[in-house]
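Down below is the structure, laid out as structure tokens.
A, B, ... follow the sequence lines: proteins, then strands. Residue 1 opens every chain.
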Amino acid sequence: MERIPILRMGRLLLVTIQVDMHDRLAMTLQDDLSTRIVTDRATGVLIDISALDIVDSFIGRMISNTAAMAKILDARTVVVGMQPAVAITLVELGLTLEGVSTALNVERGIKLLEWGGA
Amino acid sequence: MNIKTDTGQAQQLAAIINEHHTELLDGWMAGLIARLVRRDKIAENELRQQAAQLLPLLAGALASGDSFDIEGGAWDDTRQLIAEISQTRVRQGYSPIDTASFMFSLKEPLFAYLRKQITAQPEQLGDAIVSTSKLFDELGLLTIAIYQKAREQVILRQQQELLELSTPVVQLWQNVLALPLIGTLDSARTQVVMESLLQKIVDTGALIAIIDITGVPTVDTLVAQHLLKTIAAARLMGADCIISGIRPQIAQTIVHLGVNLEDVMTKATLADAFVVALKRTGSSITCQQQQH
């Protein structure tokens, strides 16, 4: 079954979405992430969506749900690398990802998580 | 019978133009220069050149037998030249009256020759003058129509340029962008503003964008909504926004309208916003007292 790899960097989990997200893949990722946060005792989750050209409302909600779950499990979520077109689409859809931190690229995202953790 | 006499008149007119080319040109130029507002040697030379080009085309079209119907195929070349002349006039800033006068001024010298040729039959002379006059009226109107069309194209282009010009995104400092908004924000402009801001954030890797609304005359709920959308999109890209340049009246309007700007940092001036942005990005400016 197709899965999106979750990489571990210390106490951070790095998810780079390189393929077009379909709904089932998004649900699997959500499951995997919540499991991994607990097993790896992660304090931060970094979701890189720089390769995504299209984000629909389902994926947008999935991202905010993931962030909410991570928060309950005491981990912070940062979404990085959103394309301008994607940002405009999400805003037009009314999904502003409240409660999710954002950063321009992975480097900045990691810095943000480190500061937040310190 | 009408067509026949029309054709006859057209042939006659063509003959006059061909025979008295130089004299007509002189008469035409004299009339033109008398009416012209802009008077200089270069303009006169250009006029003369255009007139000299147009005369043989006119004669050719008249002689070809399509008589006075300027929509006809025989008039293609003439219409094209008139179009070119009109379009040049627009670029050079001539008035529509100047442009139309170019055609109308040829009437008088032509009438003079018609009068000379048809002295015997006053009726025929009257007919000839009426149809010639009609022809040049139509040609004159054609110049105005083309002039108008060219003007509209200029306006359209300027509109687009204004749209792009009025939304500049400037980098004030490392990691700090400024977006001075000028003019009313409507949906079309918000789209342009949003796109250019987000692209600039990607290009420069900015952390903070200052949206300065000093140049926005009024802020209603729609404008505020557009602003909040732009800010939300920038936040999704990982950049924070500060709104600056809020005038007292606009602050009052915002409060009266009940627009919620609580989640957005606002400052009265661009300078204040810049200081905050510098602090956030870890830079600072110090004043050095100069010794005299």
Side-chain angles (χ1 to χ4, degrees), chain A residues 14-17 21 44-57 59-67 76-116 118, chain B residues 167 169 171 173-177 179 185-209 211 221-241 243 259-265 277 279-283:
Chain A
L14 177 62
V15 183
T16 306
I17 301 174
M21 288 289 273
V45 178
L46 207 100
I47 304 176
D48 177 19
I49 58 167
S50 55
L52 283 190
D53 292 328
I54 301 161
V55 171
D56 61 12
S57 57
I59 307 298
R61 201 165 306 123
M62 191 280 292
I63 291 174
S64 37
N65 283 352
T66 308
R76 290 187 50 194
T77 308
V78 178
V79 174
V80 303
M82 192 181 292
Q83 301 286 332
V86 174
I88 292 173
T89 316
L90 282 187
V91 170
E92 293 296 337
L93 288 172
L95 286 165
T96 48
L97 304 188
E98 294 298 330
V100 183
S101 306
T102 48
L104 192 66
N105 49 38
V106 176
E107 193 188 349
R108 291 246 176 96
I110 290 174
K111 232 179 230 169
L112 196 66
L113 282 174
E114 278 170 352
W115 283 349
Chain B
T167 53
V169 187
Q171 188 167 20
W173 204 259
Q174 196 186 351
N175 294 333
V176 182
L177 291 180
L179 179 70
L185 280 177
D186 53 22
S187 298
R189 278 197 61 201
T190 314
Q191 194 72 15
V192 177
V193 168
M194 217 194 263
E195 276 169 23
S196 49
L197 176 65
L198 297 189
Q199 193 52 50
K200 198 80 174 182
I201 288 173
V202 174
D203 293 344
T204 61
L207 285 171
I208 292 193
I211 301 177
T221 41
L222 205 65
V223 172
Q225 203 188 349
H226 286 321
L227 277 177
L228 288 174
K229 261 188 194 171
T230 310
I231 292 166
R235 200 190 71 81
L236 285 176
M237 306 269 308
D240 279 330
C241 286
I243 299 180
V259 174
N260 185 10
L261 286 180
E262 270 170 24
D263 303 330
V264 187
M265 182 180 281
K279 209 177 272 173
R280 286 258 202 103
T281 55
S283 312

| Non-hydrogen atoms of chain A under 4.5 Å away: do they reach the side chain of B:Ala234, the backbone, both or neither? | neither

| said: If you compare all heavy atoms of B:Val202 against all heavy atoms of A:Leu104, which two are closest, and at what distance to 0.1 Å? | reply: CA-CD1, 4.3 Å

| field | Contacting region of A:Leu95 [heavy-atom separation from chain B under 4.5 Å] | value | backbone

| field | For B:Ala232 against A:Thr96, the heavy-atom pair lying closest together | value | CB-CG2, 3.5 Å

| B:Thr230, B:Leu228, B:Leu197, B:Leu207: which one forms the most heavy-atom pairs within less than 4.5 Å of chain A? | B:Leu207

| Got more than 12 heavy atoms from elsewhere within 6.0 Å of CD, A:Glu92? | yes

| message | Please determine whether the number of non-hydrogen atoms from other residues, nucleotides or ligands lying under 6.0 Å from atom CG of A:Leu93 exceeds 12. | response | yes

| field | Part of B:Glu195 within contact of chain A (heavy atom distance under 4.5 Å) | value | both

| request: Could you pull out all residues at least two apart from B:Asp203 that satisfy side chain to side chain donor-acceptor pair (under 3.5 Å)? | output: B:Gln199

| message | Would the distance check show the side chain of A:Arg108 and the main-chain N or O of B:Gly205 forming a donor-acceptor pair, the cut-off being under 3.5 Å? | response | yes

| task | For residues A:Leu97 and B:Arg235, report the shortest heavy-atom separation together with the two atoms involved. | result | O-NH2, 2.8 Å

| B:Gln174: what forms a side chain to side chain donor-acceptor pair (under 3.5 Å) with it, not counting sequence neighbours? | none

| remark: Heavy-atom closest pair (B:Met237 atom, A:Met82 atom, distance to 0.1 Å) is SD-O, 2.9 Å

| message | For a quick test of reading the model, state the closest non-hydrogen atom pair linking A:Ala87 to B:Leu236 and the distance between them. | response | O-CD1, 3.8 Å

| query | In terms of heavy-atom proximity below 4.5 Å to chain A, should B:Ile201 be classed as side chain, backbone, both, or neither? | reply | both

| field | Heavy-atom contact with chain B under 4.5 Å, split by part of A:Val100 | value | backbone

